[in-house]
Amino acid sequence: MADIVKQILAKPIQLSDQVVKAADEASSFKQECGELKAKTEKLAGLLRQAARASNDLYERPTRRIIDDTEQMLEKALSLVLKCRANGLMKRVFTIIPAAAFRKMSAQLENSIGDVSWLLRVSAPAEDRGDAGYLGLPPIAANEPILCLIWEQIAILYTGSLEDRSDAAASLVSLARDNDRYTKLIIEEGGVVPLLKLLKEGKPEGQENAARALGLLGRDPESVEHMIHGGACSVFGKVLKEGPMKVQAVVAWATSELVSNHPKCQDVFAQHNAIRLLVGHLAFETVQEHSKYAIATTNKATSIHHAVALAKENPNSTSATALPKGLDEDQSSIPHPTGKQMPNQMHNVVVNTMAVRANPPRKSTSNGVSQSNGVKLPSNLQQHQNSTSSASKTRELEDAATKCQIKAMAARALWKLAKGNSTICKSITESRALLCFAVLIDKGNEEVRYNSAMALMEITAVAEQDADLRRSAFKPNSPACKAVVDQVLKIIEIADSELLIPCIRTIGNLARTFRATETRMIGPLVKLLDEREPEVTVEAAVALTKFACTDNYLHKDHSRGIIEAGGGKHLVQLAYFGESGVQIPALELLCYIALNVPDSEQLAKDEVLAVLEWASKQSWVTQLERLEALLLEAKSRLDLYQSRGSRGFNFN
């Protein structure tokens with residue numbers, strides 16, 4: 001950096017010396033040249049001072065100001081050289097307006113002001129003193145916002161922690177105003193000092209820096225720039241060790257960056273963002289369900305599950321069968337603190353894994369405990385101590401901060417999970433599903449909404465990914481049952497902003513339900529009756545996923561829809577619904593007719609008449625897929641239902 005700045009300054013310093021020398025040799029306009037010489041010498045002194053302070057100079061404004069200064073000095077040299085003309089003829093034909101000297105003098109003054117401002121704004125905090133607002137340089141006349149951004153970024157580089165916090169807050173205000181300011185902040189090098197402040201600053205400064213970074217990532221190009229600058233690693237460090245309020249803002253910033261540039265999802269995942277966010281989500285959320293917590297490996301999972309079952313059924317040998325290869329004496333490890341509480345089950349897993357790596361030994365002089373038979377490795381012991389200390393600090397946070405971190409963690413997981421099978425697999429292998437279920441039931445409005453949206457995105461991926469669907473949403477899985485229970489509860493209440501994401505979640509899980517599990521059909525069918533159009537559409541789409549041929553149990557589900565009274569509602573919607581409602585309602589009706597063509601209820605609801613009417617509508621013929629489905633459904637009904645059952649009078 002210093003070498004680059006010195007190179008930038010070399011030519012202007014050389015030009016200023018040439019102007020001074022040429023002014024001394026002037027044979028005309030000596031007074032005016034003398035004035036230019038004095039100002040040029042002052043400017044040369046500032047340029048040399050800048051060269052000596054090249055390590056501290058902020059490069060972006062330095063380039064702009066020095067480029068303008070260089071152009072001005074070239075003009076000054078050209079003007080002064082004209083005054084050095086010898087001979088009568090040269091003087092006669094060399095015309096120099098008096099205004100030229102006044103204009104050049106003003107330009108020199110502007111350059112002096114610009115370089116002086118550059119030195120002040122780049123000075124370390126201790127050298128700047130209590131100057132406060134530094135004012136705007138003359139160069140700011142054309143673009144004042146740019147110079148304001150320069151000043152704030154320069155303070156981020158050289159100011160005290162308090163000044164840097166205020167500068168970050170100023171950039172937050174600018175970034176909120178419009179997209180152009182965010183572009184300028186990024187182009188002028190604001191990302192690096194903001195990341196440094198987020199990593200090293202005080203909590204207030206860290207919050208301001210994280211908020212600014214979240215606002216700056218408004219488009220893929222900007223997010224890419226921030227990722228290359230190391231945003232993911234800094235975010236991961238804060239999510240692991242930072243104050244809870246700062247972690248909440250970082251989680252929000254993560255959600256903003258991922259939302260505006262989904263391709264960076266995997267980069268965040270590589271920096272442990274999923275594990276850390278789930279940890280924040282689970283804190284004080286699923287303590288009573290900690291037996292469902294899944295460790296990072298399948299082996300650890302099985303051990304954890306076995307220990308959890310042992311805790312529940314201490315007298316049952318069959319229920320506490322240990323994983324193959326786990327010795328009985330290695331499994332019976334006393335808890336370091338005596339009685340085990342549910343929220344300490346993770347420590348049981350750690351201890352169990354430590355035993356497998358370090359078999360029990362007899363007491364020796366190295367300090368192995370005879371009562372436990374195990375001495376944890378020093379790194380695990382340090383980890384437990386630091387975790388315990390961090391946990392105590394987190395417990396002291398106020399309730400509003402705890403709610404905020406959960407809301408933002410859920411929002412970040414929602415954005416990270418969208419369309420990404422790998423990340424969804426990581427999320428579902430953790431405690432997140434159970435956390436979402438608990439938070440939808442007990443969280444505040446924002447927590448509940450973000451949790452519902454996260455579940456919607458995860459199940460949308462599972463709908464397309466059979467492996468994820470089978471592993472994460474097993475019918476007998478406690479977490480899956482908890483999710484379905486809470487989602488159905490919202491659908492049954494049917495009066496919440498969570499309704500639509502919950503409807504979509506149930507629709508996405510349509511292929512995971514057994515034939516005997518029909519409790520979700522009735523509440524969805526009720527939503528077809530005189531609801532808002534957007535709710536009706538979502539309910540019809542969700543039911544279609546139960547009735548379509550892609551669902552192995554489509555016939556069973558179709559009968560359930562008919563028994564719940566869905567036929568008559570769909571007939572009304574197909575006839576009289578709004579344009580956006582008619583198509584999904586007709587598609588669902590076609591699948592039901594195709595799957596259960598011999599249904600007496602369909603005959604009573606005159607479904608065949610609806611299909612015949614629909615086949616003549618222009619909006620159906622424009623949709624090839626729907627038209628083909630309609631013709632197939634109509635032909636099946638023709639085979640099974642007599643003309644007399646249609647409700648027509650043929651005379």
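FYI, side chains are in, hydrogens and waters are out, and symmetry mates aren't considered; it's all heavy atoms of this structure. The structure presented is a predicted model; accordingly, all values stated were derived computationally and were not measured.
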Do [X] and [Y] make a side-chain contact, defined as non-hydrogen atoms from C-beta onward lying under 4.5 Å apart?
{"X": "R559", "Y": "N595", "value": "no"}
{"X": "L630", "Y": "E627", "value": "no"}
{"X": "K402", "Y": "F283", "value": "yes"}
{"X": "C264", "Y": "V258", "value": "yes"}
{"X": "W414", "Y": "L455", "value": "no"}
{"X": "E463", "Y": "F473", "value": "no"}

If the condition is salt bridge (charged side-chain N to carboxylate O under 4.0 Å, His left out), which residues does [X] pass it with, not counting sequence neighbours?
{"X": "E538", "answer": "R504"}
{"X": "E224", "answer": "none"}
{"X": "R448", "answer": "none"}
{"X": "K568", "answer": "none"}

Taking [X] for its side chain and [Y] for its backbone only, find out whether a donor-acceptor pair lies under 3.5 Å.
{"X": "S255", "Y": "W252", "value": "yes"}
{"X": "N420", "Y": "I423", "value": "yes"}
{"X": "S451", "Y": "V447", "value": "yes"}
{"X": "H554", "Y": "D550", "value": "no"}
{"X": "N450", "Y": "A407", "value": "yes"}
{"X": "N260", "Y": "G217", "value": "yes"}
{"X": "E457", "Y": "A417", "value": "no"}
{"X": "Q247", "Y": "G242", "value": "yes"}

Could you please spell out the steps behind the salt bridge (Lys or Arg N to Asp or Glu O under 4.0 Å) verdict for E241 and K237?
CA-CA 6 Å; E241 303 172 354; K237 184 177 186 296; 3.5 Å; yes
What heavy-atom pair brings [X] and [Y] nearest, and what distance separates the two atoms?
{"X": "Y591", "Y": "A547", "answer": "CB-O, 3.9 Å"}
{"X": "E534", "Y": "I500", "answer": "CG-CD1, 3.9 Å"}
{"X": "T621", "Y": "S615", "answer": "CG2-O, 4.1 Å"}
{"X": "V620", "Y": "A614", "answer": "CG2-O, 3.3 Å"}
{"X": "V596", "Y": "S558", "answer": "CG2-CB, 3.6 Å"}
{"X": "A253", "Y": "G214", "answer": "CB-CA, 3.8 Å"}

K489: partners by side chain to side chain contact (heavy atoms under 4.5 Å, CB included), with sequence neighbours left out
D441, Q486, I493
Partners meeting side chain to side chain contact (heavy atoms under 4.5 Å, CB included) with K240 (sequence neighbours left out)
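Partners of K240 under the side chain to side chain contact (heavy atoms under 4.5 Å, CB included) test: L276.
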Just verifying a value: how many Å separate [X] [atom1] and [Y] [atom2], rounded to the nearest 0.5 Å?
{"X": "E284", "Y": "C435", "atom1": "CD", "atom2": "SG", "result": "12.0 Å"}
{"X": "I458", "Y": "L433", "atom1": "CD1", "atom2": "CG", "result": "5.5 Å"}
{"X": "C502", "Y": "E492", "atom1": "SG", "atom2": "CD", "result": "11.5 Å"}
{"X": "S426", "Y": "I274", "atom1": "OG", "atom2": "CD1", "result": "6.5 Å"}
{"X": "T254", "Y": "L239", "atom1": "OG1", "atom2": "CG", "result": "5.5 Å"}
{"X": "L594", "Y": "C590", "atom1": "CG", "atom2": "SG", "result": "8.5 Å"}

Give me each pair satisfying salt bridge (Lys or Arg N to Asp or Glu O under 4.0 Å) with a member in residues 404-422, each pair once, sequence neighbours excluded.
E256-R411
Sequence neighbours excluded, every pair satisfying salt bridge (Lys or Arg N to Asp or Glu O under 4.0 Å) that has a member inside residues 468-484:
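Non-adjacent pairs meeting salt bridge (Lys or Arg N to Asp or Glu O under 4.0 Å): D467-R470.
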Does a side chain donor of either [X] or [Y] reach within less than 3.5 Å of an acceptor in the other side chain?
{"X": "K545", "Y": "N508", "result": "yes"}
{"X": "S222", "Y": "D219", "result": "yes"}
{"X": "Q270", "Y": "D266", "result": "no"}
{"X": "S635", "Y": "D638", "result": "no"}

Among [options], which residue meets the side-chain contact (heavy atoms from CB on, under 4.5 Å) test with [X]?
{"X": "V487", "options": "T459, I503, L498, T505", "result": "T505"}
{"X": "F546", "options": "I506, I592, L553, D556", "result": "I506"}
{"X": "V250", "options": "L213, V238, I405", "result": "V238"}

Sequence neighbours left out, what passes ring-ring contact (aromatic ring centres under 6.0 Å, His included) with H280? Give chain and number order.
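For H280 there are no ring-ring contact (aromatic ring centres under 6.0 Å, His included) partners, ignoring immediate neighbours.
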So for atom NZ, which belongs to K425, do other residues, nucleotides or ligands contribute more than 12 heavy atoms lying within a distance under 6.0 Å?
no
Is it true that atom CD of E600 has more than 12 heavy atoms of other residues, nucleotides or ligands lying nearer than 6.0 Å?
no
Donor-acceptor list for residues 569-589 side chains, cut-off 3.5 Å, not counting sequence neighbours:
from: Q582; atom 1: NE2; to: A574; atom 2: O; distance (Å): 3.0
from: E587; atom 1: OE2; to: R625; atom 2: NH1; distance (Å): 3.0
from: E587; atom 1: OE2; to: R625; atom 2: NH2; distance (Å): 3.2

Full working for side chain to side chain contact (heavy atoms under 4.5 Å, CB included) between L281 and F436
CA-CA 8 Å; L281 203 67; F436 289 137; 3.4 Å; yes
Could you work out, with side-chain hydrogen bond (donor to acceptor under 3.5 Å, both in side chains) as the rule, every residue matching K634, not counting sequence neighbours?
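None.
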N/O donor to acceptor pairs below 3.5 angstrom from side-chain atoms of residues 512-531, sequence neighbours left out:
from: T512; atom 1: OG1; to: L509; atom 2: O; distance (Å): 2.6
from: E517; atom 1: OE2; to: R519; atom 2: NE; distance (Å): 3.3
from: E517; atom 1: OE2; to: R519; atom 2: NH2; distance (Å): 3.3
from: R519; atom 1: NH1; to: D485; atom 2: OD1; distance (Å): 2.7
from: R519; atom 1: NH2; to: D485; atom 2: OD1; distance (Å): 3.0
from: R531; atom 1: NH1; to: A494; atom 2: O; distance (Å): 3.3
from: R531; atom 1: NH2; to: A494; atom 2: O; distance (Å): 2.9

